[in-house]
Amino acid sequence: MTRSLENRRILLVIGGGIAAYKSLDLIRRLRERGAQVRPLLTRGAQEFVTPLAAAALAGARAHTDLFDRADEAEIGHIKLARDADAIVVAPATASLMARMATGEASDLAATVLLATTLPILIAPAMNVRMWQHPATRRNLATLLGDGVRVVGPNDGAMAEAEFGPGRLAEPNEIAAALEAMLAGGERPGGFGFLAGRAPAGALAGRRVLVTSGPTHEPIDPVRYLANRSSGRQGHAIAAAAAAAGADVTLVSGPVSIPDPAGVRMIHVETARAMLVAVEEALPADIAVFTAAVGDWRPAEVGQNKIKKDGSEPAPLRLVENPDILATVAGRSSGRPTLVVGFAAETDDVLANALKKIARKGCDLLVANDVSASGGVMGGLENTVHLVSRDGSVETWPTLDKDEVGRRLVARFAALLPV
Ligand code: C5P
């Protein structure tokens, strides 16, 4: 275990939900990474875990009430809000998120969260219907717009025998997200809008579907056909759409980057599995097909590893994969209002993009030059041309893929009819 949080002072706000018991394990995970943890329990949290247990594991006293005379004399809520490197809220209940989003200082936790300028990471956990409720989506959008970072929630079985997003992220995932936030330094997003960012809540109540990453097309149990897509651009679009308040489903091929926060993830391997996942995720208002889907797959998949036997290797016969973008864009019913395709081209980028937009039937095509010299495939930056159906072309400067994601989402939001 690397002591990646050595001497970092973390205020851990524990909200009142069944997942509160996991926050005790989180304290241990943070401490084994070297962090100093100060727990703060809401009244609800104390129904699930005791301040004594939190204090014992943290090796520090646990804070509870707003009007605790000893506390106010010794440390005070303003000091609690300042005297740390970051604040982690886990579990962040629907109620705590609502209080944070509206700036309601009704208890110690909410007061500290309102009074702080520290970076905040929340790990939501709640019933799946509560997580999907438009009110929670709006609150999430507000919090993301305010620069709050989010980890999870994960999909899974819930205490109420329901299944879906709402489970608290695992303690190790929360610790990793905290490390990433602290490594990033500044308070992400701040209170203003970054250039090109959609206004907070611009996509509240909208459903957005994004595909991302490569596909793996198996040849035999150990080999596959793939491409160099990292998933960075698609994941950045999904993250930006979530930040604008959308209900986002991200269907991703195999990538090595983390799942973006606050989106519903569906992991797939093959083009055909991606098509099934996309169709299941519809309807959507906006569908963005960023994935570098394999055009072909091996016609036969070996049941066992294909062996060298000294003779000429058998030719690899390929068959065409379904075109997911064209399938969705061509739907006669339930077509998303805005269907966006990507075109990874190595030559004649614009001429090919114009042909592609007609062939695929999408509304907008984001064309990028992925020739080896550009380093776009797998890289951190992208130079895109936005091609519309009417043939108009807009070329953007070379930008970080996250920034391209934010600008694209701002554009999509503007293109949707109100
Ligand atoms: O035809 P080409 O692969 O260049 O088209 C790229 C666009 O089509 C991208 O938006 C990609 O996600 C989508 N696509 C797809 N299914 C395929 C091939 C491409 O959705 N089988």
Side-chain angles (χ1 to χ4, degrees), residues 208-218 224-238 241 248-255 266-282 284 286-299 318-331 334-371 374 376-378 382-389 393 401 404-405 408-409 411-412 415:
V208 175
L209 168 65
V210 183
T211 69
S212 186
T215 59
H216 283 184
E217 306 295 339
Y224 55 81
L225 291 180
N227 58 64
R228 294 186 190 281
S229 168
S230 66
R232 280 201 184 93
Q233 189 59 79
H235 280 48
I237 292 168
V248 183
T249 302
L250 174 58
V251 181
S252 176
V255 294
I266 304 177
H267 294 279
V268 296
E269 293 225 338
T270 65
R272 285 186 296 173
M274 189 173 275
L275 175 62
V276 171
V278 161
E279 295 205 306
E280 279 175 7
L282 290 173
I286 304 174
V288 190
F289 295 90
T290 327
V293 182
D295 289 321
W296 305 285
R297 66 177 183 277
L318 301 175
V319 290
E320 203 163 324
N321 268 330
D323 190 314
I324 306 168
L325 165 59
T327 306
V328 172
R331 276 170 85 112
R335 182 191 189 274
T337 311
L338 186 64
V339 178
V340 183
F342 268 68
E345 305 286 352
T346 53
D347 48 81
D348 273 342
V349 176
L350 292 180
N352 286 329
L354 285 168
K355 278 188 231 148
K356 194 161 292 180
I357 202 168
R359 185 156 46 81
K360 302 261 185 180
C362 54
D363 305 299
L364 197 66
L365 197 79
V366 184
N368 45 13
D369 187 341
V370 293
S371 55
V376 165
M377 208 83 166
N382 206 354
T383 318
V384 305
H385 314 273
L386 238 57
V387 187
S388 306
R389 253 189 186 174
V393 177
K401 283 182 179 172
V404 171
L408 284 174
V409 164
R411 179 62 61 94
F412 303 157
L415 285 172

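Note that ligands are numbered from 1 as they come in the structure, with each ligand's atoms numbered from 1 the same way. Here, residue 1 is the first one in the sequence, and each next residue gets the next number.
- At least one side-chain heavy atom of F289 sits under 4.5 Å from a side-chain heavy atom of V278.
- Given atom 16 (N) of ligand 1, the protein heavy atom at minimum distance is I324 N, 3.0 Å.
- Neither the backbone nor the side chain of C362 comes within contact range of ligand 1; no heavy atom lies under 4.0 Å.
- A salt bridge links R331 to E279: at least one charged side-chain nitrogen sits closer than 4.0 Å to a carboxylate oxygen.
- In this structure, N382 contributes its side chain and V384 its backbone to no donor-acceptor pair below 3.5 Å.
- Looking at R297, its side chain does come within 3.5 Å of a backbone N or O of E320 through a donor-acceptor pair.
- Summary of contacts: the protein heavy atom closest to atom 11 (C) of ligand 1 is A291 O, 3.2 Å.
- Close contacts of ligand 1 with F289, meaning ligand atoms under 4.0 Å from a residue heavy atom, involve 9 (C), 10 (O), 11 (C), 12 (O).
- Protein heavy atom nearest atom 9 (C) of ligand 1, with residue, atom name and distance: F342 O, 3.0 Å.
- K360 NZ, 3.0 Å is the protein heavy atom nearest to atom 1 (O) of ligand 1.
- Proximity annotation for atom 14 (N) of ligand 1: of V210, V288, D323, D323 comes nearest, heavy atoms only.
- Checked for salt-bridge contact, R335 and D363 meet the test: a charged N lies under 4.0 Å from a carboxylate O.
- Heavy-atom minimum distance, N321 versus G294: ND2-O, 2.7 Å.
- Side-chain atoms of Q233 come within 3.5 Å of backbone atoms of K401 as a donor-acceptor pair (strictly under, hydrogens ignored).
- Those atoms of ligand 1 that come under 4.0 Å of a heavy atom in D295, given as number and element, are 3 (O), 18 (C).
- When each atom of ligand 1 is checked for a heavy atom of G341 under 4.0 Å away, the hits are 10 (O).
- Here the protein heavy atom with the shortest distance to atom 20 (O) of ligand 1 is L325 N, 2.8 Å.
- Side chain to side chain, S212 and H235 meet the donor-acceptor criterion of an N or O pair below 3.5 Å.
- For atom 21 (N) of ligand 1, the closest non-hydrogen atom of the protein is P322 O, 2.8 Å.
- With distances taken over non-hydrogen atoms, the option nearest atom 2 (P) of ligand 1 out of R297, R359, K356 is K356.
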